[in-house]
Every structure is written in C-alpha cells, then in structure tokens.
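What you are looking at is a predicted structure, and each value in this text was computed from that prediction instead of being measured.
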Amino acid sequence: MTVQEKKPLSNAQKQQRYRERQKGSGKKELRGYLTPEALACYQEIQQKTDWNDSVLLSNAIRLMYAAHKLGQIGLLNGWLTEHKK
C-alpha cells in the first residue's frame, strides 16, 4: 500500500478552520470602522495594557454593558464630549 500525501491547506481553508474553532468555543467575530478619535483612544489603551484587538474589544463591550446596567452611559458620553474623545 502507498501512503497518500495530504494536500496543504490554502489560506482561506486555514481561516475558515480558525473561525470554526472560535465559534465552537462560543466566540463571535465583530467588525467595524473607528473614527479618528476612537482610533487614538484605542492606540493609547493598547499601549498601556498590551491587549490584542480581541481582548480590547471584548473588554470594551463588557465595560459599556456595566455602564449601561449602572445607568452611567450618559455620564460616560458627557465625559467623552467634554474631552473631545
């Protein structure tokens, strides 16, 4: 018997497998575009925390949810407006 060789996976196949593993672990992919102000905030947070994009986005959403539950969204938006962030 001869041993069959496996074909190497294409980049698209690797990305699809990665996304399937992430979905299998309960994660969801989100995408969006940042304003220049948000990008500056993002870069500052990334430098101070060394978080990658995924961790930064997850924590940002969790913090916004906590602010919403505590009734602090208006306070946060006011601060952002006052400080032009």
Side-chain angles (χ1 to χ4, degrees):
M1 292 189 143
T2 61
V3 177
Q4 293 180 341
E5 294 182 27
K6 291 183 178 181
K7 288 184 180 179
L9 296 174
S10 68
N11 284 340
Q13 290 170 318
K14 290 177 186 177
Q15 290 172 1
Q16 184 177 3
R17 285 180 49 186
Y18 174 77
R19 286 193 291 278
E20 288 171 359
R21 282 195 309 268
Q22 295 303 315
K23 284 180 187 177
S25 67
K27 296 179 181 176
K28 178 174 176 56
E29 182 179 8
L30 298 173
R31 294 183 183 176
Y33 294 97
L34 299 177
T35 63
E37 298 85 1
L39 184 58
C41 294
Y42 165 82
Q43 290 169 339
E44 184 177 339
I45 291 170
Q46 192 177 38
Q47 288 173 353
K48 290 182 179 181
T49 62
D50 288 329
W51 290 343
N52 63 26
D53 291 347
S54 181
V55 172
L56 205 146
L57 179 60
S58 293
N59 287 341
I61 290 172
R62 293 174 62 230
L63 287 168
M64 285 300 297
Y65 178 77
H68 162 70
K69 286 303 216 179
L70 295 172
Q72 301 299 317
I73 294 291
L75 178 69
L76 290 174
N77 281 335
W79 186 92
L80 289 169
T81 302
E82 289 173 14
H83 293 88
K84 296 183 172 119
K85 294 283 182 182

Student: Nearest 0.5 Å please: distance from the CG atom of L56 over to the CG atom of D50.
Tutor: 11.0 Å
Student: Output all residues satisfying side-chain contact (heavy atoms from CB on, under 4.5 Å) with A38, sequence neighbours left out; order by chain, then residue number.
Tutor: L34, T35
Student: When clusters are formed by joining ILVMFWY residues with side-chain heavy atoms under 4.5 Å apart, either directly or through shared neighbours, do I45 and L63 land in the same one?
Tutor: no
Student: Give every donor-acceptor pair under 3.5 Å between a side-chain atom in residues 8-16 and any protein atom, sequence neighbours left out.
Tutor:
from : atom 1 : to  : atom 2 : distance (Å)
S10  : OG     : Q13 : N      : 3.2
S10  : OG     : Q13 : OE1    : 3.3
Q13  : OE1    : S10 : N      : 2.7
Q16  : NE2    : E20 : OE2    : 3.4

Student: Assess whether atom CZ of R19 is packed by more than 12 heavy atoms of other residues, nucleotides or ligands within 6.0 Å.
Tutor: yes
Student: Which pairs with one or both residues in residues 57-77 pass salt bridge (Lys or Arg N to Asp or Glu O under 4.0 Å), sequence neighbours excluded?
Tutor: none
Student: I need the full list of ring-ring contact (aromatic ring centres under 6.0 Å, His included) pairs touching residues 47-85, with sequence neighbours left out, sorted by first then second residue.
Tutor: W79-H83
Student: Tell me, please, which residues at least two apart from E44 pass side chain to side chain donor-acceptor pair (under 3.5 Å).
Tutor: K48
Student: Could you list all the ring-ring contact (aromatic ring centres under 6.0 Å, His included) pairs where at least one residue sits in residues 15-45, not counting sequence neighbours?
Tutor: none
Student: Restricting to non-hydrogen atoms, name the atom on L75 and the atom on Q72 that form the minimum distance, rounded to 0.1 Å.
Tutor: CD2-OE1, 3.0 Å
